[in-house]
Protein chains: 2
Amino acid sequence: MSENRALKTVNLSVIKTACSNCNLRELCLPLGLNSQEMAKLEEIVSTRKRVKRGDLLYRAGQPFEALYAIRSGFFKTDVIMEDGRDQVTGFQMSGELLGLDGISSENHSCNAIALEDSEVCLIPFDYLERLSRQVPTLQNHFHKVMSREIVRDHGVMMLLGTMRAEERLAAFLLNLSQRFVARGYSPAEFYLRMTREEIGSYLGLKLETVSRSFSKFQEEGLIAVQQKHIRILDIPGLKRLMNHTPV
Amino acid sequence: MSENRALKTVNLSVIKTACSNCNLRELCLPLGLNSQEMAKLEEIVSTRKRVKRGDLLYRAGQPFEALYAIRSGFFKTDVIMEDGRDQVTGFQMSGELLGLDGISSENHSCNAIALEDSEVCLIPFDYLERLSRQVPTLQNHFHKVMSREIVRDHGVMMLLGTMRAEERLAAFLLNLSQRFVARGYSPAEFYLRMTREEIGSYLGLKLETVSRSFSKFQEEGLIAVQQKHIRILDIPGLKRLMNHTPV
DNA sequence: ATTGCGGTTTGATCCAGGTCAACGTGAATC
DNA sequence: GATTCACGTTGACCTGGATCAAACCGCAAT
């Protein structure tokens, strides 16, 4: 919680040019803004925050004040029922926005937990609304980001409602792969930041089922797994597996 | 598709006062607006559209141009995979907004189908964005509506990911009940507009399981079912059933 | 009144994935 | 370099809900 605030002014000046220099700008909120608009956005995105692996960025029930753009690192979000059951609702990586769920009730409705040491840019929401009234491009892009989250959620519903275990896992791997590509990483080789249990929670499966499915994929030559290290050997194969009607 | 356009001016004048007179205004987009702001909103919500039972309001892939506020009636939205499997992603009733999924890609990403003869108010999206730049209350409320949809989706994920068949159905009934209450109807007695198969699709269950669970609830005195007519006899009982840890 | 038909209920059986349990593995700590 | 601990793998068995099948219900068309 205690952050190093020495050299504050230097720090701020560095940050003021952040968005325009940020190599995530094409994935993140600034998408589509001209340099003048970007400068305005930079004024409101003035603070960064480090979150250590395992720490919560925010917790369900806390008052909502800001959105967070992931500058680096990896997060999960989850919701917890009164009886203790929990569900991972998503995994978020650099360039993605956290906190959209908090707008509706002005309280966060889920927990956001860093799965590795991470850094986020803080976007005070009232400033964002004010600015997006002045900058139609930003307004429209923000609406698209929210809508995209809704579409993603529908995809997860489809996955949870109609797909079998192996289809779910294939879909999950392909989705990760795609998102890594968008960030300039290999589509075929990556480290999973989450445990089998977290994957299982997200996919509506038990960790043993996740583990068994990984092993099965490996036997079939679709992937090579060693703990958290994944190499996808046959992307088309996984795609085929994913939408093969279940009997 | 061909609509009666006779008496257009009369029609418009009638509609111009629509929002402020509409008894759904506290559930719908106008929430929180003063009369002046409401008047501006009414200018852009100038058209209504009837949708017959079974007809599509919009179809996945169609260009997105407007949101739809349900004036009366009942809808379902669903997504369809290439292999034909489909998933009902929601049931919408009066005062709720349809079409948010289309903003992100400027194409609708799901189908919206009327489950009874319905009427919707058409809200051209570019107008809405323009107006919400001028009316902060509207802007904020629209953001809350989108966020609420995200939170709802997380609830469905929780349901699909962690709950057992009977818990899902109990949650479903309680949710409908609540929403009927908000509209001034009985919390305990209503007609289901959707089939067992559609309920099943939404809840990630087969229609037989839905039917059996209804019968079980009836045996236990929790509800009285006769086809589509439901009477809830024991709301606390359903609530208890819903979050009783599964073993 | 009869037929047809979409939707619903109920029974019998099956199986994907859950549950329980034992063992492996590798990174961190002393 | 031994110990610990969280995480992962694998096997054996069990069960909730899927599947298959038959009958039933209500209403719309004739």
Side-chain angles (χ1 to χ4, degrees), chain A residues 52-54 76 85 87-88 113 115-117 159-173 191-220 223-230 241-242 244-247, chain B residues 52-54 76 85-88 113 115-117 159-173 191-220 223-230 241 244-247:
Chain A
K52 281 242 205 39
R53 180 195 151 104
K76 70 167 176 180
R85 281 180 280 180
Q87 170 79 19
V88 171
I113 298 138
L115 296 182
E116 61 181 33
D117 291 356
L159 180 146
L160 292 170
T162 75
M163 291 172 123
R164 328 191 125 245
E166 290 176 23
E167 295 177 312
R168 295 183 197 188
L169 193 62
F172 171 73
L173 290 174
Y191 279 89
L192 297 173
R193 306 303 176 178
M194 67 298 276
T195 67
R196 301 290 188 259
E197 187 168 19
E198 288 163 335
I199 298 173
S201 171
Y202 181 60
L203 299 179
L205 302 170
K206 290 292 155 182
L207 68 93
E208 293 94 331
T209 306
V210 174
S211 180
R212 271 186 251 273
S213 302
F214 272 134
S215 302
K216 180 116 181 288
F217 287 178
Q218 179 150 254
E219 278 167 37
E220 290 166 350
I223 63 172
V225 221
Q226 202 185 14
Q227 307 279 121
K228 291 189 147 55
H229 180 220
I230 299 278
L241 197 152
M242 202 187 85
H244 236 321
T245 316
V247 179
Chain B
K52 279 243 208 39
R53 178 194 151 103
K76 71 167 177 182
R85 279 182 280 181
D86 69 326
Q87 169 81 17
V88 170
I113 298 138
L115 296 183
E116 61 182 31
D117 291 356
L159 181 146
L160 292 170
T162 75
M163 292 171 123
R164 324 187 129 247
E166 290 175 23
E167 296 176 312
R168 296 184 197 188
L169 193 62
F172 172 72
L173 289 174
Y191 279 89
L192 298 172
R193 306 303 178 178
M194 67 297 276
T195 66
R196 302 290 188 259
E197 187 167 20
E198 286 162 339
I199 297 172
S201 170
Y202 181 59
L203 299 178
L205 302 170
K206 291 294 156 181
L207 67 95
E208 293 94 330
T209 305
V210 173
S211 179
R212 272 186 250 274
S213 302
F214 271 134
S215 302
K216 179 115 179 290
F217 287 179
Q218 178 150 253
E219 278 166 36
E220 290 166 351
I223 64 172
V225 220
Q226 201 185 15
Q227 305 282 121
K228 292 187 146 57
H229 179 221
I230 301 277
L241 198 153
H244 237 321
T245 318
V247 182

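Note on naming: letters A, B, ... go to the chains in the order of the sequence lines (proteins, then strands), and numbering restarts at 1 for each one. Just so we're clear, the structure is a prediction, and the values are computed from it rather than from any experiment.
Following rounding to the nearest Å, A/Glu167 (CD) and C/dA16 (P) show an atom-to-atom distance of 12 Å. In this structure, CZ of B/Arg193 is placed 16 Å from P of C/dG7, rounded to the nearest angstrom. In this structure, A/Glu116 atom CD and C/dA27 atom P are separated by 16 Å, rounded to whole Å. Per the geometry, CG belonging to A/Leu207 stands 16 Å off C1' belonging to C/dT25, to the nearest Å. Rounded to an integer number of Å, the gap from B/Leu115 CG to C/dG7 C1' is 14 Å. Rounded to whole Å, the distance from CE on A/Met163 to C1' on D/dA18 is 18 Å. Taking atom CE on A/Met194 and atom P on D/dC7, their separation rounds to 14 Å, with Å as the unit. Atom CZ in B/Arg164 sits roughly 12 Å away from atom C1' in C/dG17 (whole-Å rounding).
Residues A/Leu207 and A/Thr195 are not in side-chain contact: their nearest non-hydrogen atoms beyond the backbone lie 4.5 Å or more apart. Within the 4.5 Å cutoff, side-chain heavy atoms of B/Ile199 are placed close to those of B/Leu169. Side-chain contact between A/Arg168 and A/Tyr202 is absent, with no heavy-atom pair separated by less than 4.5 Å. Under the 4.5 Å side-chain criterion, counting only non-hydrogen atoms from C-beta, A/Leu159 is not in contact with A/Phe172.
Comparing atom distances between the A/Thr195 side chain and each of D/dG8, D/dG17, C/dG17 picks out D/dG8 as nearest. Ranking C/dT10, D/dT9, C/dT8 by closeness to the B/Glu208 side chain, first place goes to C/dT10.
The phosphate of D/dG8 (OP1 or OP2) has a side-chain N or O of A/Lys228 nearer than 4.0 angstrom. For C/dG18, the OP1/OP2 oxygens have a side-chain nitrogen or oxygen of A/Thr209 closer than 4.0 Å. The phosphate of C/dT19 has OP1 or OP2 within less than 4.0 Å of a side-chain N or O from A/Lys206.
Near DNA chain D, meaning a heavy atom under 4.0 Å from it, residues 211-218 of chain B has B/Arg212 in order of number.
Side-chain atoms of A/Arg85 come within 3.5 Å of backbone N or O of B/Thr162 as a donor-acceptor pair.
Backbone-only engagement by B/Gly204 is indicated by non-hydrogen atom pairs under 4.0 Å involving sugar-phosphate atoms exclusively.
Closest heavy-atom contact between A/Ser201 and A/Gln87: O-NE2, 3.1 Å. Contact record, A/Gln218 with A/Ala224: OE1-CA, 3.4 Å, taken as the closest heavy-atom pair. The shortest non-hydrogen separation linking B/Leu192 to B/Phe214 is CD1-CZ, 4.0 Å. The minimum heavy-atom distance between B/Leu160 and B/Gly204, with the atom names listed, is CD2-N, 3.6 Å.
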Polar pairs (N or O, both sides) under 3.5 Å between protein and nucleotides 22-29 of chain D?
none

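Between the side chain of A/Glu197 and the base of D/dC7 there is no donor-acceptor pair of N/O atoms closer than 3.5 Å.
Sorted by first and then second residue, the salt bridge (charged side-chain N to carboxylate O under 4.0 Å, His left out) pairs involving residues 195-209 of chain B (not counting sequence neighbours) are B/Lys76-B/Glu198.
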